[in-house]
2 protein chains.
Amino acid sequence: MRPTIDDVAKTANVSKATVSRYLNGHFERMSAATRDRIAAVVAQLGFVPNRQASALKSRRTHLIGVVVADLANIYSTLLITGINDVTKEAGDQILVAGAGNDLAEEKRVLHLLIGQGVDGIILQPMSQDSHQYDFVRLAGIPMVIVDRDSLPRRHVTVASSDYSASRTLAETVIRAGYKDIIVFANPVQLVSSRMLRYRGFADVGQDHHIPVTLLETHGDSAAEADVSMIGAWLTAHPGHRPAVFTTNGRLLMAALFWMQDQGLQTPRDLGICGYDDWDWARLAGPGITSVNQHPQQIGQKAAEFLYQAVNGTPAPATRIEIPATLDLRHSL
Amino acid sequence: MRPTIDDVAKTANVSKATVSRYLNGHFERMSAATRDRIAAVVAQLGFVPNRQASALKSRRTHLIGVVVADLANIYSTLLITGINDVTKEAGDQILVAGAGNDLAEEKRVLHLLIGQGVDGIILQPMSQDSHQYDFVRLAGIPMVIVDRDSLPRRHVTVASSDYSASRTLAETVIRAGYKDIIVFANPVQLVSSRMLRYRGFADVGQDHHIPVTLLETHGDSAAEADVSMIGAWLTAHPGHRPAVFTTNGRLLMAALFWMQDQGLQTPRDLGICGYDDWDWARLAGPGITSVNQHPQQIGQKAAEFLYQAVNGTPAPATRIEIPATLDLRHSL
DNA sequence: CTGAAAGCGCTAACAC
DNA sequence: GTGTTAGCGCTTTCAG
């Protein structure tokens, strides 16, 4: 079985304390001889210190918890990759969990993370009410929020510039001559970023006296999303050629699948644009005009802020925006 | 700060042992009164047991380590999602790490996982030589391998039916009338699954006397992959219209980006097909014929086998294949 | 420069 | 039914 610090100490003829100093790099006042002897024994035994034990005393598990709304999402992957970029430098590991788009499940996994004694948490929150997360502050665990707001703001929040990116895209749509706009989204009341994306369109539409219709669906996979709502709208408005804006990549994909099935083409039959963090939209049809929010960068920034807090110098609880970028293509 | 089992014990006027029994569900011989009292105190204090401490004695951290070759990959996301489906049921958590396609880095993170005392590991291995992983068996940690072989086979290995799927696809290509086949891949010697995918084509090509050219590139992102090799081939073979097969989704995307930039169309100028685990290929061009290896299922199966081992009844070290499926579309 | 000893929060015999 | 006690493997004063 795994050797312990005691095994190392005995084989090297020193005390556990000395080995511990060695492991933690406190060679300042240690004879080179002892150091080398310990090094040899560690290598020979293949000793790997047990972090569970060390955490008990040192109060540092070197674990960072990450909770995303839905694991099977490109956004999540890229976010996690960004976080990993910085935890790696710190020699830490990430504990990932998916909330399955469910508040109760999110709460459950947060408790698991607390139980594991994570040094900090990065959360894409299900709830807009930050009081829901009081228990993690009570546990004394630093947390930073990503992608969505949770208010009153108690944590640094890193998100993309949803509202302004959305406005810019809406202006583009209108400039392209569309007289009808459809926003295809998951329920916007529930999540601040969705709401901001919708509001960007709604506000610009109002400025230009262009009607903006909100079509809400539950489920965001191609299979679950109820894309036929768009078909219903089309039937109800014969002769109209609207621009459809989808608030996330899965919905964009769902909409495009549906169009393909219906034999609808863009921009001939309708315009389409939406969020896409993975650039595949460039390849669909004539190329879909889309917004990229750079989740990897969001992950990096979030992790950097988290470490500030973990190291005792938390930044003020403000919203940090990573600019989303617009890729103009030929679907409008 | 976080309350401990001692705090709970004192407030509830019982011993730590009783609280511990409560926490672990040993109510068999416990008065309902004490049980309820403890429950109340636990809720009131917001007590969450410290798993680090419990692990020290119980030898179970409830942590499953997952090491993938590259975190920023759809395959990884879906694999992790599948693993999470089953660890969640067990009340466990997953510790994910990316090896950055580098053997040394993989070794480093494996050591970190061992240090964290994970109950088991799921690995998409960088090395085909299983001796590289002797140190994990020495540490007594159960492991299952996914996606690629590492031999001599010491661990259950869950992968997709690479060779047969690849043969089927090759037959399809040839039946479509192509007289030249190009396999665009990352170095095939290094990874068994790539090799199997290549061999499937090579063998079928030989059977039909159709030349199969292997074009190898390093880096698999659209930016890094050297797609111009295909262009060079085209230049060297004027008048030919080959079918290109890419051995993973990133390379498929890279090839399609390049074709788009070159103004090349499929199937007009060349045929194209490849691996795609996320169905976006359905939307590209006329729809790209592709192979889906169902990574989520692979993850689930792998986790199930891992738990068998963790629970003391390891399955024999065989290769388990999850059938890959072929989506015929219009790119050939 | 190194060692002894106490203890982190929890579990698991073994008592009673 | 419940309490006592002895650690799990490590870190960290405090001595020397």
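Chain A is the first sequence line, chain B the second, and so forth, proteins listed ahead of strands; every chain is numbered from 1. From a predicted model like this one, the values you see are computed outputs, not experimental measurements.
- For B/Leu23 and C/dG9, the CG to C1' distance is 11 Å, given to the nearest whole Å.
- Across all strands shown, A/Ser20 has heavy atoms under 4.0 Å from base atoms, whether or not it also approaches the sugar-phosphate.
- A/Val19 comes within contact range of no nucleotide atom at all, as no heavy-atom separation falls under 4.0 Å.
- Nearest-nucleotide assignment on DNA chain D puts the 5′-proximal partner with B/Arg21, out of A/Pro3 and B/Arg21.
- Taking atom NZ of A/Lys57 as the reference point, atom C1' of D/dC10 lies 9 Å away to the nearest angstrom.
- Spacing between atom CG of B/Asp36 and atom P of D/dG1 amounts to 14 Å, rounded to whole angstrom units.
- Taking the side chain of A/Asn50 as heavy atoms from C-beta on, and the options D/dG1, C/dT11, D/dC10, the nearest nucleotide is D/dC10.
- Using a 4.0 Å heavy-atom cutoff across all strands shown, B/Tyr22 reaches no nucleic acid atom at all.
- Of the candidates A/Glu106, A/His155, A/Arg154, A/Tyr133 forms a side chain to side chain donor-acceptor pair (under 3.5 Å) with just one, namely A/Glu106.
- Checking C/dT11, D/dC10, C/dC10 against every side-chain atom of B/Ala53, the shortest atom distance belongs to C/dC10.
- Residue A/Arg59 has a polar side-chain atom (N or O) positioned under 4.0 Å from OP1 or OP2 of C/dG9.
- Residue A/Tyr307 is tested with A/Asp119, A/Asp92, A/Thr313 for a side chain to side chain donor-acceptor pair (under 3.5 Å); the sole match is A/Asp92.
- In this entry the distance linking CZ of B/Arg51 with P of D/dC8 reads 22 Å, nearest Å.
- For the pair B/Lys16 NZ and C/dG9 P, the computed distance is 10 Å after rounding to whole Å.
- A/Leu56 has its CG atom 9 Å from the P atom of C/dC10, to the nearest Å.
- Distances from the side chain of A/Ala17 to the nucleotides D/dC10, C/dT2, D/dT12 place D/dT12 closest.
- Atom CD of A/Gln52 is separated from atom C1' of C/dC8 by 13 Å (rounded to the nearest Å).
- To the nearest 0.5 Å, atom CG of residue A/Leu306 and atom CE of residue A/Met143 are 10.0 Å apart.
- Between B/Lys107 and B/Glu105 there is no salt bridge, since no side-chain N of the basic residue sits under 4.0 Å from a carboxylate O of the acidic one.
- One atom, NZ of A/Lys10, and another, P of D/dG9, lie 11 Å apart when rounded to the nearest Å.
- Between A/Thr34 and the phosphate of C/dT2, there is a side-chain N or O to OP1/OP2 separation shorter than 4.0 Å.
- End-to-end axis angle of the helix from C/dC1-D/dG16 to C/dC16-D/dG1, using five pairs per end and rounding to 10°, comes to 30°.
- Phosphate contact (OP1/OP2 of C/dC10, side-chain N/O of B/Arg60, threshold under 4.0 Å): absent.
- For B/Ser15 and D/dG3, the shortest distance from a side-chain N or O to OP1 or OP2 is below 4.0 Å.
- A/Arg153 and A/Thr157 share a donor-acceptor pair across their side chains, judged by distance under 3.5 Å alone.
- In terms of phosphate contacts, A/Thr4 brings no side-chain nitrogen or oxygen within less than 4.0 Å of OP1 or OP2 of D/dC8.
- Taking the six-membered ring where tryptophan is involved, the planes of A/His111 and A/Phe135 are essentially parallel, since the angle between them stays under 30° and well short of 60°.
- If you check the side chains of B/Thr77 and A/Thr77, you find a donor sitting under 3.5 Å from an acceptor.
- Listed nucleotides: C/dG9, C/dG3, D/dG7. Nearest to the side chain of A/Thr18: C/dG3.
- A salt bridge links B/Arg319 with B/Asp149: at least one charged nitrogen is closer than 4.0 Å to a carboxylate oxygen.
- With D/dC10, D/dT2, C/dG3 as the candidates, the nucleotide lying closest to the side chain of B/Met30 is D/dT2.
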